[in-house]
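Just below is one structure, and these are the notes that go with it.
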Amino acid sequence: MKKKYSIFALVKNSLSYHENWQRAWRDPEPKSRYDAVIVGGGGHGLATAYYLAKEHNLKNIAVVEKGWIGGGNTGRNTTIIRSNYLWDASAGMYDHALKIWENLSQELNYNVMFSQRGVMNLAHNQHDVRELKRRTHANRLNGIDCEWLNVEQVKKFCPIINCSPNIRYPVMGSTLQRRAGTARHDAVAWGYARGADAMGVDIIQNCEVKGIKRNGDSIEGIETTKGFIKTQKVGVVAAGHSSVIANMAGLRLPLESKPLQALVSEPIKPIIDTVVMSNAVHAYVSQSDKGELVIGAGTDSYISYTQKGTHEIVEGTLKAILELYPIFSRLRMLRQWGGVVDICPDASPIISKTSIKGLYFNCGWGTGGFKATPGSGHLFAHTMAKDEPHALNEAFNINRFISGDLVDEHGAAAVAH
Amino acid sequence: MSNEYRLSSGGQINRSESISFKFNGRTFHGYKGDTLASALLANGIHLVGRSFKYHRPRGIFSSGVEEPNALVQIIKDQGKTDPNLRATQIEIYEGLNATSQNCWPSVNFDLGSINNLFSPIIPAGFYYKTFMWPANLWENVYEYFIRRAAGLGKSPTKKDPDNYDHIYYHCEVLIVGAGPAGLVAAKIAANAGKKVLLVDERPNFGGNLNFSNKDYNKINGLTPLEWIKKTCLDLENNKNIKILNRTSVAAYHNYNYLIMVQNLTDHLADKDKNDQIRQRLWKVRAKKVILATGSIERPMIFDCNDRPGIMLSSAVRKYANTYGVKCGNNISFFTNNDDAYETAITLHNKGVKINSIIDIREKSNADLPKKCDELGIKIYWKSAVIYTEGYKKINNIHVMSLSKDNSSVIGNKLKINCDLLCVSGGYTPAVHLFTQSGGKLEYNEKKHYFFPKKNTLYQISIGSCNGTFGLKNIISEAQEKTREFLSIKEVDRLDVLTPKGGDFENIWLLPSNKISGKTKSFVDYQNDSTANDIKLALREGFKSIEHVKRYTTTGMATDQGKIANMHALGIISEITNTKLGELGTTTFRPPYSPITFGALVGRNVGKFFDITRKTPMHDWHEKNNAKFEDVGQWKRAWYYPSDKESMYDAVQRESKAARTSAGILDASTLGKIDIQGSDASEFLNRVYTNAWSKLAIGKCRYGLMLNDDGMVYDDGVTTRLDENHYIMTTTTGGAATVMGKLEDFLQTEWPELKVYLTSVTDHFATISVCGPHSKKILEKVTQSIDYSDDNFPHMSFKHGLIDKIKCRVMRISFTGELSYEINIQANYGQSVWEKCMSVGREYGITPYGTEAMHLLRAEKGFIIVGQETDGTVTPVDLQMDWIVSKKKYDFIGKRSLYRSDTMREDRKQYVGLLTNDPKEILEEGAQIVAEVKSKPPMDMIGHVTSSYYSPNLNKSIALAVVKNGKKLKGKRLYIPMKNKTIEVTVSDTIFLDKEGKRLNA
């Protein structure tokens, strides 16, 4: 039984110098067999395990992670959460996630610092205006909050944006989703890990999958660096390395893996209170609770598995940042890093069964998977437990790349895919 | 209080040049050559800042880039203010105005220090455990206050007035760091005739040798300063070498590509800046790289090791020798190695009282401790400082003996009064750049540091960054490794004198006489993370070093753990009983030290943010009052309002004129690709959905290009100029990507095709003249073309001359009118345009912009790729089945057109919409439903892609894609707007001249 976190617990534990806190999760060795194994201990994988245990009554579950939990894109993204997607399928799925976010800290008893400070998407040309208005109308009719702001309203909502009509690509308006915002990325992984562990899920770190054992068209288990694990259900949530795992099962996925970069400034006192994204000039920025400006850059133009990108991408992004926020010129970049993102041709994810019985994939989140973490885990758990998709992830099946029934979200994706 | 801590002589400052500056509103004096830190210390100021979390008073700790505490804000005005600068790196200048940050109302009395009282209940990660109840208070109360308490300095609020610059540079040998190792390497490389670049982040060269004790360190009989001076002089006179000071290497990328920032004016007074470039970003590609980045002295981790007046021993030596500043009058030392003794001797010789040296070792037989003993300095062997007192400045230390195994302290507690405690925990090689380059580290169990083991690029590490210590060792290694690396036969021998060193002993976390929960042993000073925080993280299951880092924020402050990281790792390794070599390090991310966004961006700001492409006729448009729209990088004439005309009125007038008299459009921005080669026709067959082999020379054809997924990608007219020569037009926005895609296919998929592509977009000016009078105008503008319909029918082209200049004229139409397009060498564009205007005046020729062009083509139902299509629309969806060849073996996207979903009958299809109220103009992007519900969600079956009021039809028209649209003609649909619902009827997409008679009018 996990002890509840609260201010009272903090005060109580301070009396014993915090020496009596429990482990947030155990550090078990793998058992020889599990009812289900999740490959990949990022936010999506841990959430999947959490919901499998919580809502589908599976108790004998393991999450195997090559490195440390939350060490992939969960701990490398710019923490933006929103659901203002164009198509019904995406809007439904991302808003499902957003609704879970709204109560996640309380549900997990772990403060994931979900902060609904709003997300703006700026328009810089006629084409942007048309497409963003289209998205606003679609969101409204899907029951998702989204407003169109004209330039005066943009300036009022976020005064530091350079709204001068004389800049190279003047701001012509913006969408605003007020329910959108940010969360503390590491806390999401840790909160789900703690919650899953409390229900008996084994979280096994430093355990790399080396092979997938099949018997004909069914799964028999996985080979790992900690030995063979027998299981009939394997859910792969391995982001940039999904194709590598798929390859072990003899599957090919329609994914490309590329480094995506981000950077932060040194911490400064609050200067920007919302999230501002701009596709046309490619800059997006928010400020963390610690005070750092968190800035998302783009993907490299070539395929790679390295978690670092090229300098030119960072330079290009900062160019755009200074175009929109000339006051940031003297601030300093503190740290830059990269993550390997797995990109589908239609910029939408795969949450799906496969042609191999018991093998499921949750991947292809590309440049924007963090926002979906709770919803993704919830729907993937359903798919794995029932061996059929939830209504909300039906559209994200892997067969759409055969049928052509794509969910093209290039317009709504933050980083051009 | 004026420079009372300044020694009467010594240092490299210029004592004849006094400089006044402000700190926290008070005026102080320093000398040319001082840093803000040295000048403050000379004035007896230690307390400079407050820590991030507990707002504890903090003083200057170090003398360089590793400084965690002494962060200040420099203030000039709202546009020119710099947060988070390190006082240890700021060179003072007349008029410098700096303040402490993250404290209120002042650094001396900071209300935020109330956090310190709460520190028992707010350990690492406390925020994950609380602020959850009640849920709605998180954002507005808890987070609000957290955000205001966090952050360090303040952002400027006005535009930066300074300029920044970029430079590309190539060299044979790049040497990073101009300490003794770097200087030796530079001299060898330059003397061997190599093109060398030597950089150092500090203003002066020589590194730590600059402030080494001259009695104990000599090279070829010269004192350190004499040798540095002579070596630098030799280098300056060598034309093979370029030397940059104040230049910090930020990042080491693949293939020896390094990014560095040179500070050019930050150290100058305003009057001397003269609008020079502030900082320059160097992008250096080096054949070989020699890293001589030195090492960083470590602190000691014990209870209350963070007070002002606790400083690194090497820094204290530097302040004394380089700046002539004594950091205290009554000094204690706490050390585990011999280096601290050099500082003690230096200060003793300058007449400063050294009251004690606390050394954790049993003893040392090395030269310097012996000397200290001789000088009568009290040394406490096998002892440790366990506590310090003094809130805003240290005033005494508590000392106890260490047990045999160093796990506890024993015996009596001794209190020693002091006003300065110098700590020295040994040195950590600065391997940041080495690991950024992909190099792998190994841990030396005896010497307790990570050192460069394996690298992949043409590079070496020399000197203390390679784990080599002691002047003699450093210089002989630098000589030998550089010689070998650069394949040089022989180098001059250098005779080095250096003190004989003793062993170094290490305790990551010193024992205390208190229970550990009651101690505050800071590991990361700036972020206030303590040894207990690290223990808590481990206790709670955060096992990986990355987890500990993220949970405790150790190493995540603006110094990125230069001081903290090694001890954090050491403590983790001790507690988890893991060997440090197995534990590894966290990843060293660029930049090595923070760099301004301004430097990273350089000149690419303001109007240089992105190039502006202008057509050859741009000046004319401007003179004629055109409003422009941005289309990609192009400025396109959008509409031409006369005097007080609104956009709506102008567009209506222009559109009407184009159909009733003549219109003229600048179409120069359309992409133009010249295609030549014996397989050019086959190439087009594969690229476009329709067939090209049979297109006669001199004819034009419209083509649709698909993506692999079968969706429309681009369109345009291609003209066959000759047997193996075509000119393709693309959309304006698609020009570059289409060119890239076609090259990609040619080079990777179809290498067998003999086809050569050249982008000629900018080489031609394109003028489109349309309307009933267009033929008459063209006849007068061009010579030697027979415009009769027989000779020059629709969709064909002719060579012509305009005033002896060759041109191409195509008879093609995007408006549905009789229409010609003149293509002429770009530099003649404006004069030909003007000629068209003057010839056309009698026919009422009217320039029209892109908005009228969009309207005119919408009347005819012509699509715009990117407006009617969005990457989800097939040619069949556009009701353009006719353009998709069934006979061709293949074309890009063909396979995808026959997938089950792309074959569906009820896909979204291209239709026209008419509003029931002909005056009602729909909003582009509006969503369409078949059935209106009282509230969302509603089933959306399509959206409006284009919408205009047609002056030629006197009604509102719109284009849309609608689910199953082909079958819905005449059906009523609804557009639910925010405040109203608009009724529309599905129509044909062609609103005007269905028969196409006007093409030949």
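In what follows, chains carry the letters A, B, and so on, assigned in the order in which the sequence lines appear, proteins first and then strands, with residues in each chain numbered from 1. Not measured: the values here are computed from a predicted model. The figures here come from the full heavy-atom set of this structure, side chains too, leaving out hydrogens, waters and symmetry mates.
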For the atom pair CG (B:Asp160) and CG (A:Leu322), what is the distance rounded to the nearest 0.5 Å? 8.5 Å
Using 0.5 Å steps for rounding, measure from the CD atom of A:Glu315 to the NE2 atom of B:His166. 4.5 Å
Show the numbers, then the answer: is there a side chain to side chain donor-acceptor pair (under 3.5 Å) between B:Tyr128 and A:Arg184? CA-CA 9 Å; B:Tyr128 300 123; A:Arg184 172 88 185 102; 2.8 Å; yes
In terms of relative ring orientation, are B:Phe542 and A:Trp190 parallel, tilted or perpendicular, with 30° and 60° separating the classes? perpendicular
May I ask you to check whether A:Phe114 and B:Trp138 place their ring centres under 6.0 Å from each other? no
Side-chain ion pair, A:Arg194 and B:Glu540, N-O less than 4.0 Å: no
For A:Phe8, look at atom CZ and say whether over 12 heavy atoms of other residues, nucleotides or ligands are found less than 6.0 Å away. no
Please state whether the side chain, the backbone, both or neither of B:Ile975 comes within less than 4.5 Å of a heavy atom of chain A. neither
Give a yes or no on whether B:Lys514 atom NZ has more than 12 heavy-atom contacts from other residues, nucleotides or ligands under 6.0 Å away. yes
Taking NZ, NE, NH1 and NH2 as the nitrogens, is one of them in B:Arg899 or A:Asp405 under 4.0 Å from a carboxylate oxygen of the other? no
Taking the side chain as every heavy atom from C-beta outward, state whether A:Leu331 and B:Ser155 have any pair of such atoms under 4.5 Å apart. yes
Is the closest basic N to carboxylate O distance between A:Arg168 and B:Asp610 below 4.0 Å? no
Does NZ or CZ of A:Lys319 come closer than 6.0 Å to the centre of the six-membered ring of B:Phe609, within 45° of the ring's axis? yes
Cationic tip of B:Lys129 within the cone over A:Trp21's six-membered ring, i.e. under 6.0 Å and within 45° of the normal? yes
Below 4.0 angstrom, N of the basic side chain to O of the carboxylate: do A:Arg400 and B:Asp901 qualify? no
Axial cation check for A:Tyr17 ring with B:Lys535, 6.0 Å and 45° limits: no
Output yes when a side-chain donor or acceptor of A:Gln336 lies under 3.5 Å from a complementary backbone atom of B:Arg589, and no otherwise. no
Would you find more than 12 non-hydrogen atoms of other residues, nucleotides or ligands less than 6.0 Å from B:Asp939 atom CG? no
Heaviest contributor of heavy-atom pairs below 4.5 Å to chain A, chosen from B:Lys159, B:His253, B:Gln101, is B:His253
Give, as side chain, backbone, both or neither, the part of B:Glu629 having an atom under 4.5 angstrom from any heavy atom of chain A. side chain
